[in-house]
Protein chains: 2
Amino acid sequence: MSAKNINTHLIEIQDYFKAAISVDCVIFGFDENELKVLLIESDLKEFKGKWSLLGDIMHPDEDIETAAYRVLRERTGLENVYMEQVQAFGGINRHPAGRVITIAYYSLVNIEHVELKTHSNELHWHAVKDIRQMAFDHREILATCLERLQRKVIDQPVGFNLLPRKFSLRELQNLYEAILDVKLDRRNFRKKFFAMDYLIDLNEEEQEVRHRPAKLYKFNQEKYNQRHKKSLGF
Amino acid sequence: MSAKNINTHLIEIQDYFKAAISVDCVIFGFDENELKVLLIESDLKEFKGKWSLLGDIMHPDEDIETAAYRVLRERTGLENVYMEQVQAFGGINRHPAGRVITIAYYSLVNIEHVELKTHSNELHWHAVKDIRQMAFDHREILATCLERLQRKVIDQPVGFNLLPRKFSLRELQNLYEAILDVKLDRRNFRKKFFAMDYLIDLNEEEQEVRHRPAKLYKFNQEKYNQRHKKSLGF
DNA sequence: ACAAAAGTGTTGTCAATACACCCATGG
DNA sequence: CCATGGGTGTATTGACAACACTTTTGT
């Protein structure tokens with residue numbers, strides 16, 4: 001036990017154990033009234049045929065968030081999507097190639113905007129609730145990210161990131177029901193969202209439905225930004 | 001842009017960039033009605049005289065949480081304290097010795113139980129609200145951990161970890177006021193805590209106060225554990 | 001006309017807030 | 001007896017939950 005310490009004394013870090021650092025992205029989408037996650041088939045012999053999150057080793061010249069955005073861009077072509085760091089996972093034997101600490105992010109994308117990259121034909125969207133087994137500790141990572149999303153979606157309206165620009169209230173409710181895995185009362189749900197005043201009525205209606213068409217709305221991003229600024233600090 | 005990837009293909013990680021990984025502990029205590037944090041003076045020339053969090057390089061054979069507990073134990077002699085991972089910080093130039101990604105934890109300790117280790121006479125408790133400058137990006141880390149603690153303390157009774165085993169309701173309220181930086185109504189505060197039923201009346205009173213002595217309580221840990229289990233899963 | 005989903009209000013309950021006076025102790 | 005903080009109850013308000021019928025469209 002020494003008083004020498006990386007925060008207080010000069011230490012040559014190359015003299016110390018150095019692990020690899022990766023990022024793993026839990027990319028959530030919403031389709032067919034189900035919360036989905038984008039996964040890739042692992043070719044590692046230890047995890048043959050198992051599904052894994054999209055991740056990569058961090059580069060020396062990029063910060064963590066940049067690395068996570070890079071993974072997202074390379075795999076989905078998307079930029080400027082909602083993304084949040086969740087936490088680090090660093091079990092000693094979590095990766096067969098050696099000690100790899102990974103930093104998990106989740107992001108929320110509009111599934112229709114995602115063009116899966118051609119070299120990524122092993123990529124597939126999976127219904128979150130149907131996932132049983134995954135490679136590495138990725139099931140634990142997914143579970144932790146889902147819990148985080150559930151919390152987040154209750155106190156901030158981030159769910160819009162998963163929907164098309166125009167959506168009906170039914171779609172919005174289906175989204176919340178899928179994320180939280182609960183049934184919600186239709187009238188109370190509508191009341192709540194109208195009261196929050198984040199919805200802009202587009203005066204348009206659904207097309208080609210064989211029942212009464214629903215009105216379409218879009219998310220009031222500016223109003224959200226304003227409130228968000230004010231409510232910071234509590 | 002390559003399809004090769006640490007999650008899908010065999011990669012020799014020693015061929016890749018390897019950064020150092022550290023843990024940093026935000027150790028919270030409560031004393032004199034103020035939320036305190038345990039800091040150490042940095043001797044790095046870049047941060048001479050500035051205060052830093054307690055941290056260390058992770059060892060190859062320990063997982064992240066073990067490393068964080070080790071730092072805590074070495075510095076405070078404490079084991080079995082409340083600790084929670086917050087997130088990773090990995091700005092490119094955050095450490096002058098090179099690329100160091102750090103994983104931040106906060107912990108809640110009873111300040112009276114802490115015997116500062118003899119080789120640690122540069123260690124001091126600081127009032128959180130008086131801290132202006134810190135070494136590295138530690139002020140940002142501290143701020144993030146404080147926000148996390150504030151959220152946590154609102155929806156789970158973790159605050160008890162900062163108090164002596166026996167405490168009065170006034171002390172408990174002072175704690176909440178210090179953490180959240182708000183004033184609370186005394187009657188409503190008491191009502192709320194009695195309703196939650198986490199307090200065990202010890203039938204004891206404060207000694208040596210020059211006013212009406214307050215009753216002392218302890219935290220009902222078992223009841224908390226039971227509820228906690230049930231309430232998981234929303 | 002029928003099927004299918006959209007749209008709409010009221011009521012009860014519970015939790016959070018605001019607020020003022022008497023009590024027990026030490027000096 | 002005075003200063004200091006301990007201890008207590010009620011009324012109001014706002015948020016959330018429960019609940020059923022009418023409307024619009026396509027077939």
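Keep in mind that what you see is a predicted model, and the values were worked out from it rather than measured. In the text below, chain A, chain B and the rest are named by the order of the sequence lines, each starting its count at 1. The figures that follow rest on heavy atoms only: side chains count, while hydrogens, waters and symmetry mates do not.
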- prompt: Tell me, which of residues 211-220 of chain A have any heavy atom that sits under 4.0 Å from an atom in DNA chain D?
  reply: A:His211, A:Arg212, A:Pro213

query: Does a salt bridge link A:Lys166 with A:Glu204, judged by any charged N lying under 4.0 Å from a carboxylate O?
result: yes

Residues within residues 183-195 of chain B bordering DNA chain C, heavy-atom distance below 4.0 Å: B:Asp185, B:Arg187, B:Asn188, B:Lys191

message: Could you check whether B:Glu222 and B:Tyr224, counting side-chain N and O atoms only, form a donor-acceptor pair closer than 3.5 Å?
response: no

- prompt: Would a line drawn from the ring center of B:Phe193 to the ring center of B:Tyr176 be shorter than 6.0 Å?
  reply: yes

message: Looking at B:Arg73 and B:Glu79, is any side-chain nitrogen of the basic one under 4.0 Å from a carboxylate oxygen of the acidic one?
response: yes

field: Set of side-chain contact (heavy atoms from CB on, under 4.5 Å) partners for A:Asp63, sequence neighbours left out
entry: A:Glu65, A:Thr66, B:Ile92, B:Arg99

- request: Send over the distance from B:Ile154 CD1 to C:dA16 C1', rounded to a whole Å.
  value: 13 Å

query: So, does B:Glu177 use its side chain to make a donor-acceptor pair with the main chain of B:Leu184 at under 3.5 Å?
result: yes

message: For A:Lys191, is there an ion pair with A:Asp185 - N to carboxylate O distance below 4.0 angstrom?
response: no

message: At a heavy-atom distance below 4.0 Å, which nucleotide of DNA chain D is the first touched by chain A, and which is the last?
response: D:dA17 to D:dG26

task: For B:Arg190, check salt bridge (charged side-chain N to carboxylate O under 4.0 Å, His left out) against everything at least two apart and list the hits.
output: none

field: Spacing between A:Asn174 atom CG and C:dA6 atom C1', to the nearest angstrom
entry: 13 Å

- request: State, without any angle test, whether A:Thr102 and A:Ser22 hold a side-chain donor-acceptor pair at a distance under 3.5 Å.
  value: yes

query: Which pairs count as side-chain hydrogen bond (donor to acceptor under 3.5 Å, both in side chains) when at least one residue sits in residues 125-139 of chain B, sequence neighbours excluded?
result: B:Arg94-B:Asp137

